[in-house]
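Presented below is the structure to which this report refers.
We name chains A, B, ... by the order of the sequence lines, and we start the count at 1 in each one.
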Amino acid sequence: MKTDEKIYRERVYEIVRQIPVGRVMTYGQIAEILGEGYTARTIGYVMHAANTEIVPWQRVINSQGGCSTGKILLPYNIQQKILEEEGIEFNEKGRCKLDEYRWYPEDFESKIPEDNKQPSLFE
DNA sequence: CTCGTGACGGGGG
DNA sequence: TCCCCCGCCACGA
């Protein structure tokens, strides 16, 4: 098989594996980094299959700062529970401060906003 | 090959 | 802030 094909998923795991304890990344963020062919939607699909893989899947959340594990799989809010044990705090709405926990891979520093903080309430 | 289905995201009301 | 709608794209039937 082709080496450079690396399987669609492997490229995602490569990034997820780099997320440090106590930090998170969003589906859209990863999709933006990988670019071509990747969207938040597909990253979610890949993470769904990551259960059996060896990756800190729990550190990937949605752009609202919450866990989107849906209703299926895993006991209720298990993902949030794990993250809380890693030191991340969630409010009563099940959301954490992305501007405080979001992590940017070293290999993609160019993706970091100028002010090195969140671009959110920029305009 | 076509169709439906998502661990999503952003814009608009 | 919440809700709805539409675009996104890999994958299985």
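Distance OG/A:S63 to CZ/A:R102: 8.0 Å, rounded to 0.5 Å.
Among the atoms of the strands shown, only primed sugar atoms or phosphate atoms (P, OP1, OP2) are found under 4.0 Å from some heavy atom of A:R95.
Annotation: side-chain contact (heavy atoms from CB on, under 4.5 Å) contacts of A:A40 (sequence neighbours excluded): A:Y27. Taking A:E86 as the reference, A:Q58, A:R59 meet the side chain to side chain donor-acceptor pair (under 3.5 Å) condition, with sequence neighbours excluded. Partners of A:T39 by side-chain contact (heavy atoms from CB on, under 4.5 Å), not counting sequence neighbours, listed by chain and number: A:R41, A:T42.
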Distance-only criterion, 3.5 Å: show the donor-acceptor pairs between side-chain atoms of residues 88-95 of chain A and protein atoms not counting sequence neighbours.
{"from": "A:N91", "atom 1": "OD1", "to": "A:K93", "atom 2": "N", "distance (Å)": "2.7"}
{"from": "A:N91", "atom 1": "OD1", "to": "A:G94", "atom 2": "N", "distance (Å)": "3.0"}
{"from": "A:N91", "atom 1": "OD1", "to": "A:R95", "atom 2": "N", "distance (Å)": "2.9"}

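Counting only N and O atoms by type, the side chains of A:Q18 and A:E14 include no donor and acceptor under 3.5 Å apart.
Contact footprint of chain A on DNA chain C: nucleotides with an atom under 4.0 Å from a non-hydrogen protein atom, first to last in 5' to 3' order, C:dC2 to C:dC11.
Remark: the backbone N or O of A:W103 is paired with a side-chain donor or acceptor of A:Q29 at under 3.5 angstrom. Within the 3.5 Å criterion, the main-chain N or O of A:G65 finds no donor-acceptor partner in the side chain of A:Y101.
Taking atom CG of residue A:L83 and atom C1' of nucleotide B:dA7, one finds them 13 Å apart after rounding to whole Å.
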Mind listing the N/O atom pairs, protein and nucleotides 9-13 of chain B, below 3.5 Å?
{"from": "B:dG9", "atom 1": "OP1", "to": "A:G28", "atom 2": "N", "distance (Å)": "3.3"}
{"from": "B:dG9", "atom 1": "OP1", "to": "A:S63", "atom 2": "N", "distance (Å)": "3.2"}
{"from": "B:dG9", "atom 1": "OP2", "to": "A:S63", "atom 2": "N", "distance (Å)": "2.8"}
{"from": "B:dG9", "atom 1": "OP2", "to": "A:S63", "atom 2": "OG", "distance (Å)": "3.4"}

